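Keep in mind that the numbers below use all heavy atoms, side chains included, and drop hydrogens, waters and symmetry copies. As the structure is a prediction and not an experimental result, all values here were calculated from the model.
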Amino acid sequence: MSVLKPRTRLVNFRLSEEEFDSLKTACQNSGARSLSDFARSAVLLSMERVEEGGVVRGEQSLGPLARLSRSVETLEGRIDQILSALGSEARANGHDPAHN
């Protein structure tokens, strides 16, 4: 996939060890390609929430559509993880999941 708008700006911030460990775990659970990709998506999502009039801290302060969007994104990530795990298991057992 090519980037239509090259990313030329850099944002840098520091985290504690605990925050970094939490970031890595959240990144892995989301299925993001990298920490950078995950962090960028999280920041941009927070910006959208602010623009929609939601408050960044706490899901309960989000509007209904923003909460629904967040839930759908979470479900999509989990579905991708499950499909990936099922495909890996099928290949390990000698089955080709693409030819069912």
Side-chain angles (χ1 to χ4, degrees):
M1 175 192 312
S2 65
V3 176
L4 298 178
K5 292 184 181 179
R7 295 183 174 107
T8 59
R9 305 300 298 186
L10 177 67
V11 175
N12 189 0
F13 57 94
R14 296 183 182 275
L15 299 172
S16 69
E17 284 298 321
E18 295 81 16
E19 290 169 330
F20 185 71
D21 289 341
S22 294
L23 175 63
K24 287 193 308 186
T25 300
C27 178
Q28 291 168 346
N29 291 341
S30 75
R33 296 177 306 184
S34 65
L35 286 174
S36 179
D37 184 47
F38 178 77
R40 179 177 34 258
S41 295
V43 168
L44 294 174
L45 179 61
S46 292
M47 290 168 41
E48 289 175 15
R49 289 179 186 164
V50 169
E51 290 172 1
E52 291 172 359
V55 178
V56 175
R57 293 195 183 270
E59 290 292 321
Q60 67 276 20
S61 61
L62 297 176
L65 290 178
R67 281 194 304 271
L68 178 60
S69 176
R70 175 73 184 246
S71 295
V72 168
E73 288 176 13
T74 300
L75 287 171
E76 287 174 339
R78 299 243 168 95
I79 289 169
D80 287 343
Q81 288 175 334
I82 291 168
L83 290 174
S84 177
L86 288 173
S88 296
E89 185 176 325
R91 284 188 293 279
N93 291 327
H95 302 290
D96 184 358
H99 293 85
N100 284 337

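Across every non-hydrogen atom of Q28 and Q81, the tightest pair is O-NE2, 3.3 Å. For the pair C27 and S34, the tightest heavy-atom approach, listed with the atom from each and the gap, is SG-O, 3.4 Å.
Partners of D21 by side chain to side chain contact (heavy atoms under 4.5 Å, CB included), not counting sequence neighbours, listed by chain and number: K24. Under the side chain to side chain donor-acceptor pair (under 3.5 Å) criterion, E19 pairs with S16, not counting sequence neighbours. Annotation: side chain to side chain contact (heavy atoms under 4.5 Å, CB included) contacts of I79 (sequence neighbours excluded): L83.
One finds the CD atom of E76 at 11.0 Å from the OG atom of S71 (value rounded to the nearest 0.5 Å). Atom CG in L15 sits 6.0 Å away from atom CG in L23 (nearest 0.5 Å). Here the straight-line distance linking atom OG of S41 with atom CD of E73 works out to 8.0 Å at 0.5 Å rounding.
Panel note: side chain S22, backbone E18; a donor-acceptor pair is recorded below 3.5 Å.
Dense packing is recorded around CZ of R40, with more than 12 heavy atoms of other residues, nucleotides or ligands lying under 6.0 Å away.
Both F38 and F13 are part of a single hydrophobic cluster, where members link through side-chain heavy atoms under 4.5 Å apart.
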